[in-house]
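Counting from 1, the numbers follow the sequence of the chain as shown.
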Amino acid sequence: MPSLKEAMLTNLREMIKLQRAAHDSMFKFSIKKMWPISLIAPQVDWIRITRMMEKLQATCKEQKRFLAKEKSKALEADLPFLNILPDYLNSLSKVAERLGKAASFRQEVLEKKKKMSIGEWNLILKDYNEACDEMARVGIVLYRAY
């Protein structure tokens with residue numbers, strides 16, 4: 001049976017894969033995302049990304065509850081890692097929220113519910129980048145505790 005640390009690490013890897021896949025889907029370059037082609041058939045499913053990020057946020061909360069409940073049974077050597085993990089899950093949840101907000105904005109623009117405001121889009125991206133930077137800083141501390 002895997003230790004709590006190993007189980008949490010496995011779950012964390014899967015959650016990060018989900019966040020990275022959504023990030024790549026939104027921001028990675030593809031010729032299909034360019035102007036004339038994207039008008040014919042949008043290549044990014046913004047609604048799906050929004051839902052995935054909502055699910056990721058819920059999973060982060062669920063993992064924090066699970067960790068709080070099971071932490072007393074953990075090995076002493078694993079405690080430094082497990083003590084920092086809730087902060088990392090909070091920052092991952094914040095990244096998911098901001099990425100979902102970006103996808104929601106793009107969907108509203110696609111549906112013509114909203115005009116594309118460069119200023120608003122820029123603020124959304126700055127918030128997302130700040131959340132990613134925070135997650136990276138907490139990730140460094142988490143890695144050192146690993």
> Do Met8 and Tyr143 share a hydrophobic cluster, counting only Ile, Leu, Val, Met, Phe, Trp and Tyr and linking them when any side-chain heavy atoms are less than 4.5 Å apart?
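Each belongs to a different hydrophobic cluster.
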> How close do Asn11 and Gln63 get, heavy atom to heavy atom, and via which atoms?
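For Asn11 versus Gln63, the nearest heavy atoms are ND2-OE1, 3.1 Å.
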> State which residues pass side chain to side chain donor-acceptor pair (under 3.5 Å) with Asn129; sequence neighbours excluded, sorted by chain then number.
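Expected list: none.
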> Spell out, yes or no, whether Leu123 and Tyr128 are grouped together once hydrophobic residues are joined by side-chain heavy atoms under 4.5 Å, including indirect joins.
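Leu123 and Tyr128: separate clusters.
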> Measure the spacing between SG of Cys60 and CZ of Arg65 and express it to the nearest 0.5 Å.
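So the gap between those two atoms works out to 11.0 Å.
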> For Glu134, give me all partners under salt bridge (charged side-chain N to carboxylate O under 4.0 Å, His left out), at least two apart in sequence or on another chain.
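If we apply the salt bridge (charged side-chain N to carboxylate O under 4.0 Å, His left out) test to Glu134, skipping adjacent residues, the hits are Lys94.
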> Provide the closest heavy-atom pair for Gln19 versus Leu99 in the form atom of the first, atom of the second, distance.
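Reported closest heavy-atom pair: O-CD2, 4.0 Å.
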> Evaluate the criterion side-chain contact (heavy atoms from CB on, under 4.5 Å) for residue pair Leu89 and Met15; output intermediate values, then yes/no.
CA-CA 10 Å; Leu89 289 170; Met15 293 186 315; 3.3 Å; yes
> For Glu130, what residues pass the side chain to side chain donor-acceptor pair (under 3.5 Å) criterion, not counting sequence neighbours?
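Once residues adjacent in sequence are excluded, Glu130 has no partner under the side chain to side chain donor-acceptor pair (under 3.5 Å) criterion.
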> What is the distance from atom CZ of Arg98 to atom CG of Asp127, rounded to the nearest 0.5 Å?
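Taking CZ in Arg98 and CG in Asp127, the distance rounds to 5.0 Å.
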> Tell me if a side-chain donor or acceptor on Thr10 pairs with a main-chain N or O of Glu6 at a distance below 3.5 Å.
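Flag set: sc Thr10 to bb Glu6 pair under 3.5 Å.
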> If you define the side chain from C-beta out and look only at heavy atoms, does anything of Leu12 sit under 4.5 Å from Ile16?
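They are in contact (side-chain heavy atoms under 4.5 Å apart), so the answer is yes.
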> With sequence neighbours left out, write down each residue that passes side chain to side chain donor-acceptor pair (under 3.5 Å) with Lys115, or none if nothing qualifies.
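Partners of Lys115 by the side chain to side chain donor-acceptor pair (under 3.5 Å) criterion come out as none, since no residue qualifies.
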> What do the steps show when you test Ser104 against Glu108 for side-chain contact (heavy atoms from CB on, under 4.5 Å), and what is the final call?
CA-CA 6 Å; Ser104 177; Glu108 289 174 359; 3.9 Å; yes
> Rounded at 0.5 Å granularity, tell me how far CE in Met135 sits from CG in Leu142.
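Here the interatomic distance stands at 11.0 Å.
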> For Lys112, which residues count as a salt bridge (charged side-chain N to carboxylate O under 4.0 Å, His left out) partner, sequence neighbours excluded?
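Scan of Lys112 (salt bridge (charged side-chain N to carboxylate O under 4.0 Å, His left out), adjacent residues dropped) gives none.
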> What residues, two or more places apart in sequence or in another chain, satisfy side chain to side chain donor-acceptor pair (under 3.5 Å) together with Lys5?
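Partners of Lys5 by the side chain to side chain donor-acceptor pair (under 3.5 Å) criterion come out as none, since no residue qualifies.
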> What residues form a ring pair (Phe, Tyr, Trp, His ring centres under 6.0 Å) with Phe105, not counting sequence neighbours?
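Ring pair (Phe, Tyr, Trp, His ring centres under 6.0 Å) check on Phe105 returns Trp121.
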> I'd like a table of donor-acceptor pairs (distance under 3.5 Å, sequence neighbours excluded) in which one partner is a side-chain atom from residues 50-59, with atom names and distances.
| residue | atom | partner | partner atom | Å |
| --- | --- | --- | --- | --- |
| Thr50 | OG1 | Trp46 | O | 2.9 |
| Thr59 | OG1 | Lys55 | O | 2.8 |

> Applying side chain to side chain contact (heavy atoms under 4.5 Å, CB included), can you list everything that pairs with Arg144, at least two apart in sequence or on another chain?
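Side chain to side chain contact (heavy atoms under 4.5 Å, CB included) check on Arg144 returns Ile140.
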> Once you round to the nearest 0.5 Å, how far does NZ of Lys28 lie from NE2 of His23?
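One finds 9.0 Å between NZ of Lys28 and NE2 of His23.
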> Taking distance alone, no hydrogens or angles, what donor-acceptor pairs closer than 3.5 Å link side-chain atoms of residues 66-88 to residues at least two apart or in another chain?
| residue | atom | partner | partner atom | Å |
| --- | --- | --- | --- | --- |
| Glu70 | OE1 | Lys73 | NZ | 3.3 |
| Lys71 | NZ | Asn83 | OD1 | 2.6 |
| Asn83 | ND2 | Leu79 | O | 3.1 |

> What pairs with Glu120 under salt bridge (charged side-chain N to carboxylate O under 4.0 Å, His left out), at least two apart in sequence or on another chain?
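In terms of salt bridge (charged side-chain N to carboxylate O under 4.0 Å, His left out), with neighbours along the sequence ignored, Glu120 is linked to Lys114.
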